[in-house]
Amino acid sequence: MSALAIYIISSILTIVVATPVLLYIISIANADEMNPGSLQLFFVNMLSFPIVLLLLLIFNRFVYQHSERAMGFFKEQALKKYLMGVCLGIGLILLVFLLNYATGAVAVRPNPNFSLLIFVAMILCFMVQGLTEEVLARGFIMNKVAKQLGLPAGIIINSLFFAGLHLLNPGVTAISTYNIFLAGVLFSLLFYWSDNIWLTGATHSVWNIMLGVVLGSEVSGMHLPSSLLITTSNSRDHFLNGGHFGLEGGIFTTLMTLVMSGVLIMMIQRKSKGIIK
């Protein structure tokens, strides 16, 4: 209930903050600039995430009276863990992309309208967005539920919540919803293994950055206003490339998340045996 309350409060605060910004944008923008993939709307949508993150930190500190370490924020080796997450996020999405490219399910070309300034700004936005979703789903919901009902329940419930957040996204399908759930399980296992939100948050952030900002594919169905490359999907291979939802909605993402989750389970078991010894 606390997570839902935080989400509702942050949504209200975002509306309060974003409404005057959006009204100003509408007053100065033409119709083409206000399409769903417009740069202005992208940044307005991103306003909610720092608000959610701030509310989570406030609730954790003053309502639950826990330190930030309870949500996986550790100062020790923070940069190292973050860089590990960056490498992991790059590797996971690059693997899915290369499988799609090798089978002809996608084509890629440079973006002739690439803007370095927008590129950097969008990366910064996704760094906050990915970390916020991980703090909410894994650092907050998973930890609270696991404490009351056990780890399996914590993983399943937070992953269902994570999948539910994407149900109204454009291009959603049964496979894409299942894949987002599996991604939630993967991030949950990664968080449990590492006990570090910097690593998990960086993995999630770079996952989205690689998909949208670098490759120019949809991010959970959301088309971004700018990117380094432009990836187009073959309409005959939606089962592989995810169609309008993007690469996250394809079978290669299903296989990748299942395999990586299996690897993490083995790593967790090995770590547990080492602790017992």
Side-chain angles (χ1 to χ4, degrees), residues 42-43 46-61 66-97 116-143 146 154-155 158-159 162 165 180 182-215 217 219-220 224 227-228 247-248 253 256-257 260-261 263-265 267-268 270-271:
F42 169 80
F43 288 116
M46 285 291 171
L47 282 174
S48 64
F49 294 102
I51 295 174
V52 173
L53 184 57
L54 179 61
L55 285 175
L56 285 167
L57 293 173
I58 291 173
F59 262 69
N60 181 70
R61 170 64 72 175
H66 293 158
S67 72
E68 288 71 24
R69 297 171 72 92
M71 294 194 295
F73 284 105
F74 292 93
K75 295 180 180 178
E76 299 83 5
Q77 296 186 320
L79 179 59
K80 178 182 177 180
K81 296 293 185 181
Y82 197 90
L83 292 176
M84 286 174 60
V86 168
C87 294
L88 184 57
I90 291 173
L92 293 176
I93 296 304
L94 195 57
L95 174 62
V96 172
F97 170 77
L116 180 60
L117 180 61
I118 295 175
F119 181 79
V120 173
M122 292 174 69
I123 286 176
L124 294 175
C125 286
F126 275 115
M127 287 175 67
V128 176
Q129 177 265 344
L131 178 63
T132 300
E133 289 192 358
E134 287 308 303
V135 173
L136 175 61
R138 262 58 74 177
F140 195 81
I141 296 176
M142 175 179 160
N143 276 346
I155 291 176
N158 98 78
S159 299
F162 184 62
L165 292 178
I180 295 298
L182 289 179
V185 173
L186 173 61
F187 291 140
S188 298
L189 292 170
L190 181 61
F191 179 62
Y192 181 72
W193 171 76
S194 66
D195 194 28
N196 194 293
I197 204 68
W198 293 117
L199 191 154
T200 315
T203 304
H204 188 158
S205 293
V206 175
W207 172 300
N208 289 344
I209 290 167
M210 283 294 294
L211 276 174
V213 185
V214 176
L215 295 174
S217 178
V219 180
S220 302
L224 301 188
S227 59
L228 175 63
L247 299 180
E248 291 171 301
T253 296
M256 179 273 289
T257 51
M260 288 304 300
S261 293
V263 170
L264 279 168
I265 289 172
M267 292 172 65
I268 290 169
R270 187 177 303 172
K271 184 178 180 180

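It should be emphasised that the depicted structure is a prediction, and the values quoted were computed from it without experimental measurement. Along the sequence shown, residues are numbered consecutively beginning with 1. FYI, side chains are in, hydrogens and waters are out, and symmetry mates aren't considered; it's all heavy atoms of this structure.
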Visitor: Taking all non-hydrogen atoms of both residues into account, name the closest pair between I180 and F162 and its distance.
Guide: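 Looks like O-CD2, 3.5 Å.
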
Visitor: Please examine the side chains of T203 and L186, heavy atoms only from C-beta on, and report whether any two atoms are closer than 4.5 Å.
Guide: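 Counting from C-beta outward, L186 and T203 never come under 4.5 Å.
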
Visitor: Quick one: pull up OG in S194 and NZ in K271 and give me the separation to the nearest 0.5 Å.
Guide: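 Separation between the atoms: 7.0 Å.
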
Visitor: If you round to the nearest 0.5 Å, how far is NZ of K81 from CD1 of I197?
Guide: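 It is 13.0 Å, given to the nearest 0.5 Å.
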
Visitor: Could you pull out all residues at least two apart from F73 that satisfy ring pair (Phe, Tyr, Trp, His ring centres under 6.0 Å)?
Guide: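 Here the qualifying residues are W198.
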
Visitor: Does the gap between the ring centers of F49 and F126 come in under 6.0 Å?
Guide: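 When the ring centroids of F49 and F126 are compared, they turn out to be at least 6.0 Å apart.
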
Visitor: Given 3.5 Å as the limit, does a donor-acceptor pair link the side chain of N143 with the main chain of G139, or not?
Guide: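 Yes: the side chain of N143 pairs with the backbone of G139.
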
Visitor: Restricting to ring pair (Phe, Tyr, Trp, His ring centres under 6.0 Å), what partner residues turn up for F119, sequence neighbours left out?
Guide: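 Ring pair (Phe, Tyr, Trp, His ring centres under 6.0 Å) check on F119 returns F114.
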
Visitor: Just so I know, are the side chains of E134 and F187 near enough to count as touching, which here means a heavy-atom distance under 4.5 Å?
Guide: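 Touching, per the 4.5 Å side-chain cut-off.
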
Visitor: Is there a side-chain contact (heavy atoms from CB on, under 4.5 Å) between L56 and V52 once you walk through the steps?
Guide: CA-CA 6 Å; L56 285 167; V52 173; 3.9 Å; yes

Visitor: Give a yes or no answer on whether the side chain of N158 reaches the backbone of I155 with a donor-acceptor pair at less than 3.5 Å.
Guide: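 Checking the backbone N and O of I155 against the side chain of N158, a donor-acceptor pair under 3.5 Å is found.
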
Visitor: If I compare all heavy atoms of S205 with all of G130, which pair ends up nearest, and what's the gap?
Guide: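 That would be OG-CA, 3.3 Å.
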
Visitor: In the structure I gave you, are the side-chain heavy atoms of M71 and L57 within less than 4.5 Å of one another anywhere?
Guide: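 A side-chain contact under 4.5 Å exists here.
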
Visitor: Any chance you could measure C125, atom SG, to F42, atom CZ, to the nearest 0.5 Å?
Guide: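 Here the rounded value is 4.5 Å.
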
Visitor: Check this for me: Y82, atom OH, are more than 12 non-hydrogen atoms of other residues, nucleotides or ligands nearer than 6.0 Å?
Guide: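 Atom OH in Y82 is packed in, count exceeds 12.
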
Visitor: Within the 4.5 Å heavy-atom criterion, are L88 and L190 side-chain neighbours or not?
Guide: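 Yes, at least one pair of side-chain atoms sits under 4.5 Å.
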
Visitor: Between M122 and M46, is there a side-chain heavy-atom distance shorter than 4.5 Å?
Guide: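 The answer is no, as the side chains (C-beta and beyond) never meet within the 4.5 Å cut-off.
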
Visitor: Can you name the closest pair of heavy atoms from V206 and V86 and give their distance?
Guide: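 For V206 and V86, the tightest heavy-atom pair comes out as CG1-O, 3.6 Å.
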
Visitor: Could you report the tightest heavy-atom contact between S188 and M142, atom names first, then the distance?
Guide: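 Looks like O-CE, 3.6 Å.
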
Visitor: State, with a plain yes or no, whether a side-chain heavy atom of V120 is found less than 4.5 Å away from one of L116.
Guide: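 V120 vs L116: side chains touch.
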
Visitor: Could you measure the distance from the CD1 atom of I93 to the CE atom of M256? Nearest 0.5 Å is fine.
Guide: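 The CE atom of M256 is 5.0 Å from CD1 of I93, to the nearest 0.5 Å.
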
Visitor: Identify the heavy atoms of S227 and G212 that sit nearest to each other, and give their distance.
Guide: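 Closest approach of S227 to G212: CB-O, 3.2 Å.
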
Visitor: Does this structure show an ion pair linking E68 with R61, if we count only N-O contacts that are shorter than 4.0 Å?
Guide: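 Yes.
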
Visitor: Write down the atom of A70, the atom of N60, and the distance for their closest heavy-atom approach.
Guide: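 Where A70 meets N60 most closely, the heavy atoms are CB-OD1, 4.3 Å.
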
Visitor: How many angstroms lie between atom CG of L92 and atom OG1 of T257, to the nearest 0.5 angstrom?
Guide: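 Those atoms lie 9.5 Å apart.
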
Visitor: When rounded to the nearest 0.5 angstrom, what is the spacing between CE in M260 and CD1 in I265?
Guide: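 So the gap between those two atoms works out to 11.5 Å.
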
Visitor: Any heavy-atom pair between the side chains of V213 and L228 that's under 4.5 Å?
Guide: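 No - every pair of side-chain heavy atoms lies 4.5 Å or more apart.
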
Visitor: In terms of side-chain heavy atoms, does T253 have a donor or acceptor partner in E248 at a distance below 3.5 Å?
Guide: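 No, because no side-chain N or O of T253 sits under 3.5 Å from a partner of the opposite role on E248.
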
